[in-house]
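Both backbone and side-chain heavy atoms feed into the values below; hydrogens, waters and symmetry mates do not. To find a chain, count down the sequence lines: A is the first, B the second, and so on, and within it residues start at 1.
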Number of protein chains: 2
Amino acid sequence: MGTFKIGELAAAAGVGRDTIRYYERSGLLPAPDRTAAGYRLYGDADLDRLNFIRSAQELGFTLEQSRQLLTLQASDTATAAAVLEITLAKISEAESRVRRLSHIRDILRELAEECPGEVPASDCPILVYLAAKRSSRRDEAIKEKSLREQ
Amino acid sequence: MGTFKIGELAAAAGVGRDTIRYYERSGLLPAPDRTAAGYRLYGDADLDRLNFIRSAQELGFTLEQSRQLLTLQASDTATAAAVLEITLAKISEAESRVRRLSHIRDILRELAEECPGEVPASDCPILVYLAAKRSSRRDEAIKEKSLREQ
DNA sequence: TTGCAGGTTGGACCGTGGTCCAGGGTCAAG
DNA sequence: CTTGACCCTGGACCACGGTCCAACCTGCAA
């Protein structure tokens with residue numbers, strides 16, 4: 001309840017001042033009122049908005065998606081279905097990342113288990129695996145896309 | 001068997017020419033011999049090296065880690081234990097990412113299930129969750145570090 | 001009045017793994 | 001001899017989510 005200068009808002013929300021200005025530039029926070037000297041003045045709604053964004057970030061939403069969610073929240077014509085759509089997409093993204101990471105983890109676990117430790121590095125099954133012909137490791141083209149998304 | 005120009009090596013390895021030059025700059029590939037005209041000339045060992053790097057990338061290793069693994073492979077004093085150490089670190093990284101992503105996925109699934117779809121967006125339980133006071137959502141400081149690692 | 005903490009701006013920079021471009025040189029085929 | 005495909009270099013640019021900087025201005029306390 002009340003108005004904050006940028007440093008106060010930053011402290012309240014647990015982010016940096018620069019982050020707040022960055023969010024403003026990115027269209028996540030509205031341009032705030034200013035004092036005569038040009039200082040930004042914020043209110044409780046801005047703190048709520050920042051907290052919303054932080055919660056969304058923790059759930060894996062990008063800033064752009066957070067922006068969309070905030071827009072939906074403010075809309076009086078949008079329905080929950082639009083929010084659900086974004087959420088379902090995020091769920092399947094999380095699912096495929098979990099699948100891919102679990103797969104990697106399993107391969108690494110197997111290799112680590114086989115590794116005796118006290119042999120020369122060049123005999124290490126992990127390096128042998130990495131040096132092996134790639135012909136069998138299947139469907140390169142498919143995986144290529146998901147390399148960025150690990 | 002044979003020597004390649006950069007385009008041939010790129011095609012054989014399934015990467016771009018620029019990627020090969022980038023790897024050279026980054027110390028992942030040795031500076032190759034050149035023709036009189038300055039063209040880079042590669043051999044089978046370079047193709048093997050590129051394939052090694054690609055395999056390592058698919059297992060989630062960074063280029064820097066790939067470089068370390070290649071160095072260990074080439075060393076005649078290093079033991080497999082050094083490779084194992086890198087691998088174990090990668091495994092626990094994968095494990096914590098899987099935990100985090102699974103947690104997110106579960107929260108989103110729950111919220112999505114509660115969402116009726118045909119209500120105004122602002123009544124959507126997903127948005128309600130994001131707008132809720134953050135006080136309960138625990139241990140902010142701890143999570144903060146892992147935000148980048150999603 | 002002076003000092004210092006805070007505010008302002010525009011713009012550069014970070015990591016990661018590339019990708020693209022301009023402006024040139026080279027090489028083999030037709 | 002020209003055309004086109006390939007090669008060279010140095011440097012800019014991409015996403016993403018910030019972070020930091022210089023150079024300046026403001027507001028409050030001692």
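To the nearest angstrom, C1' of C/dC14 lies 16 Å from CD of B/Glu64. Residue B/Tyr23 contributes atom OH, which lies 12 Å from atom C1' of C/dT19 at whole-angstrom precision. Regarding A/Tyr22, its OH atom lies at a distance of 16 Å from the P atom of C/dG10, rounded to whole Å. Taking atom CZ of residue B/Arg17 and atom C1' of nucleotide D/dT9, one finds them 15 Å apart after rounding to whole Å. With rounding to whole Å, B/Arg34 atom CZ is found 10 Å from D/dC7 atom C1'. Taking atom CZ on B/Arg21 and atom C1' on C/dC20, their separation rounds to 11 Å, with Å as the unit. Rounding to whole angstrom units, CD1 of residue A/Ile53 and C1' of D/dG17 are separated by 12 Å. When the P atom of D/dG18 is taken as reference, atom CZ of A/Arg25 falls 11 Å away, rounded to whole Å.
Tracing side-chain contacts under 4.5 Å through hydrophobic residues (I, L, V, M, F, W, Y), one reaches B/Leu63 starting from A/Ile104; they form part of the same cluster. Side-chain heavy atoms closer than 4.5 Å link hydrophobic residues (I, L, V, M, F, W, Y) into clusters, and following such links, possibly through other members, connects B/Ile107 to A/Leu88.
Among C/dG18, C/dC20, D/dG18, the nucleotide with an atom closest to any side-chain atom of B/Asp18 is C/dC20. Checking D/dT19, C/dG7, C/dG18 against every side-chain atom of B/Leu63, the shortest atom distance belongs to C/dG18.
Distances shorter than 4.0 Å separate none of the side-chain N or O atoms of B/Gln57 from OP1 or OP2 on C/dT16. Listed pair B/Thr19 / C/dT19 meets the phosphate criterion, a side-chain N or O lying under 4.0 Å from OP1 or OP2.
A/Gly16 comes within 4.0 angstrom of no nucleic acid atom, judged by non-hydrogen atoms across all strands.
Judged purely by atom type and a 3.5 angstrom limit, A/Arg54 uses its side chain to pair as donor or acceptor with the backbone of A/Ala13. The closest donor-acceptor contact from the side chain of B/Lys5 to the backbone of B/Tyr39 lies at 3.5 Å or more, if one exists at all.
Sequence order on DNA chain C of the closest nucleotides to B/Thr62 and B/Ala36 puts B/Thr62 first from the 5' end.
In terms of polar N and O atoms assigned as donor or acceptor, the side chain of B/Tyr39 comes within less than 3.5 Å of the base of C/dG25 in a complementary pairing.
Between A/Asp46 and A/Arg49 there is no salt bridge, since none of the side-chain N atoms of the basic residue sits less than 4.0 Å from a carboxylate O of the acidic one.
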